[in-house]
Amino acid sequence: MSVTYEQAADGSGINLDGRSVCIVDDDNLYRLHLSALLAQANLRTFEAGDSDSLAAVLEKEMPDCILLDYNLDSENGFRVHEQLKLRYKELPPVIMLSGDESQRTAIKAFRMGLYDFLPKRNLRMDEITLAMKKSIARYEVEASRDDEVSSLRKKALFDDLTGMYSREELDKKLLLVAAAARRQNSKFVVFSICLAEYRKICTNFGVANADEILRGFAARIRANIRSDDFCGRYDEDTFHYVIDRNVSTPVVNERLARLNEQLTFSHHLKSVELQISPVIGAAISSEFAGLQQMEQYLATELGDRRKALETQLGGEDWSTLPAAAGPGDPRERRRSTRMRTLKPAYIALEEWSSKINCTVRSVSDGGARLRLERQMALPEYFLLKITASGQLRRVRKCWHVNDEVGVEFCE
């Protein structure tokens with residue numbers, strides 16, 4: 001451990017030379033003042049006037065410390081801090097600066113996980129640098145402790161989040177399977193299964209929500225593997241499912257089809273319905289020289305498939321649709337915010353005697369927006385089935401322009 005708990009208490013183990021700090025304050029003059037002050041301590045400084053400009057700084061380089069104003073122009077510092085914790089797994093220590101010197105505000109700052117609280121009035125450089133040293137030291141001690149815990153978890157048999165085999169145990173089992181296949185002149189298959197939207201969910205909805213969805217994704221995998229197969233968590237968003245009995249092309253194709261079907265589902269998160277999709281690659285051992293070559297192939301395959309899926313979605317999902325028409329237009333008859341999604345569905349006509357493929361482009365509690373594969377006339381009422389979720393709704397056509405249809409769900 002590079003910094004001890006004793007050093008963390010007084011900051012004695014930290015040298016600030018060359019360290020970086022981001023100053024977040026809506027007062028341009030005060031930011032310049034602090035930046036000039038900290039430059040005297042050989043600190044590199046970044047500046048941000050609000051949460052958006054702060055996010056832009058953090059995307060380029062993560063500083064060693066953040067000095068965050070309590071009362072920004074249109075934002076509350078506590079709220080900004082909460083958003084940062086949700087968005088970034090490894091957030092540097094945040095020190096709050098405030099013109100409000102009340103004890104109540106300071107106590108709230110510490111309760112919410114900020115590393116220190118400093119009054120802005122008559123703030124001296126030695127006060128800031130000492131607070132930074134203590135905060136960075138404490139952060140490094142906690143990070144070292146977390147690394148130790150993470151190392152112990154990796155050695156555990158099962159992954160805490162998903163309940164599947166850990167990476168280390170998965171690697172052990174794969175080595176045994178590969179050795180047995182060489183001895184018996186047999187083959188095995190590895191399916192690499194990735195939750196394609198995991199990182200995007202982390203960015204838009206926070207790590208906690210992303211992990212909840214990943215846990216559900218893993219449960220679906222477990223429910224669809226055979227009793228004599230095994231599966232483990234390979235990395236952050238990817239699982240390896242291994243079959244080493246009765247491996248054949250029909251079996252591989254059947255497993256791929258089943259996994260694709262069962263791992264495509266909808267997840268409701270707040271007011272948004274997320275469409276969850278797997279990215280799956282398969283490698284049969286007889287086609288490769290060894291495990292390392294199989295893993296390299298699967299990594300490339302998953303990367304290509306992920307890019308293809310992103311291209312297919314076109315970046316249109318999970319964002320609020322802009323208002324497309326003025327007041328009174330039937331397209332505005334909605335009871336809640338309509339969120340953009342891309343989900344396969346079909347329209348049933350004449351008591352299921354005719355089915356028309358379509359795509360659900362947006363859905364709300366009260367209705368949806370559909371895109372047809374070609375222009376055609378539709379009746380006023382019909383049935384709509386969303387393939388992945390199995391949801392079946394009777395709908396009324398509100399408007400129909402070329403290949404797009406706005407519908408209202410009937411009670």
Does some side-chain heavy atom of [Y] sit less than 4.5 Å from a side-chain heavy atom of [X]?
X: C65; Y: Y139; value: no
X: F239; Y: R222; value: no
X: I280; Y: N260; value: yes
X: V24; Y: V80; value: no
X: Y234; Y: L174; value: no
X: R19; Y: I14; value: yes

Please output the side-chain donor-acceptor pairs of residues 54-62 that fall under 3.5 Å, not counting sequence neighbours, one pair per line with the distance.
{"unit_1": "E59", "atom_1": "OE2", "unit_2": "R87", "atom_2": "NH2", "d": "3.4"}
{"unit_1": "E59", "atom_1": "OE2", "unit_2": "Y88", "atom_2": "OH", "d": "3.1"}
{"unit_1": "E61", "atom_1": "OE2", "unit_2": "R44", "atom_2": "NH1", "d": "3.3"}
{"unit_1": "E61", "atom_1": "OE2", "unit_2": "R44", "atom_2": "NH2", "d": "2.7"}

field: Worked check of salt bridge (Lys or Arg N to Asp or Glu O under 4.0 Å) between D171 and R167
entry: CA-CA 6 Å; D171 288 343; R167 171 64 185 273; 3.1 Å; yes
task: With sequence neighbours excluded, tell me which residues meet side chain to side chain donor-acceptor pair (under 3.5 Å) with R215.
output: none
- line: Contacts of S53 meeting side chain to side chain donor-acceptor pair (under 3.5 Å) (sequence neighbours excluded), chain-then-number -> D50
query: With sequence neighbours left out, which residue pairs that include part of residues 56-78 fulfil the ring-ring contact (aromatic ring centres under 6.0 Å, His included) condition?
result: Y70-F78
Under the salt bridge (charged side-chain N to carboxylate O under 4.0 Å, His left out) test, which residues partner [X], sequence neighbours left out?
X: D100; result: none
X: R121; result: E101
X: E301; result: R305
X: E261; result: none

field: Donor-acceptor pair between Y198 and D211 side chains, under 3.5 angstrom
entry: yes
message: Restricting to side chain to side chain contact (heavy atoms under 4.5 Å, CB included), what partner residues turn up for L175, sequence neighbours left out?
response: L291
Check [X] against [Y] and note the closest heavy-atom contact, atom names and distance.
X: D64; Y: P92; value: O-CB, 3.7 Å
X: M96; Y: A109; value: SD-CB, 4.5 Å
X: F265; Y: F217; value: CE2-CD1, 4.0 Å

Let me have the donor-acceptor pairs involving side chains of residues 183-194, under 3.5 Å, with sequence neighbours excluded, atom names and distances please.
{"unit_1": "S192", "atom_1": "OG", "unit_2": "H240", "atom_2": "NE2", "d": "3.1"}

- prompt: Do R138 and E142 pass the salt bridge (Lys or Arg N to Asp or Glu O under 4.0 Å) test, and can you show the C-alpha distance, the side-chain angles, and the key distance before you say yes or no?
  reply: CA-CA 6 Å; R138 178 183 148 199; E142 291 173 349; 3.1 Å; yes
Test: [X] and [Y] ion pair at under 4.0 Å:
X: R226; Y: D229; value: yes
X: D69; Y: K120; value: yes
X: K85; Y: E82; value: yes

field: Enclosure of D17 CG (heavy-atom neighbours >12, cutoff 6.0 Å)
entry: yes
query: Would you call the rings of F230 and Y165 parallel, tilted or perpendicular, where under 30° means parallel and over 60° means perpendicular?
result: perpendicular
query: Which residue pairs pass the salt bridge (Lys or Arg N to Asp or Glu O under 4.0 Å) test when at least one of the two sits in residues 237-257, sequence neighbours left out?
result: R199-D237, D237-R306
message: Taking ring pair (Phe, Tyr, Trp, His ring centres under 6.0 Å) as the definition, give me every residue that meets it alongside F288, ordered by chain and number, with sequence neighbours left out.
response: Y297
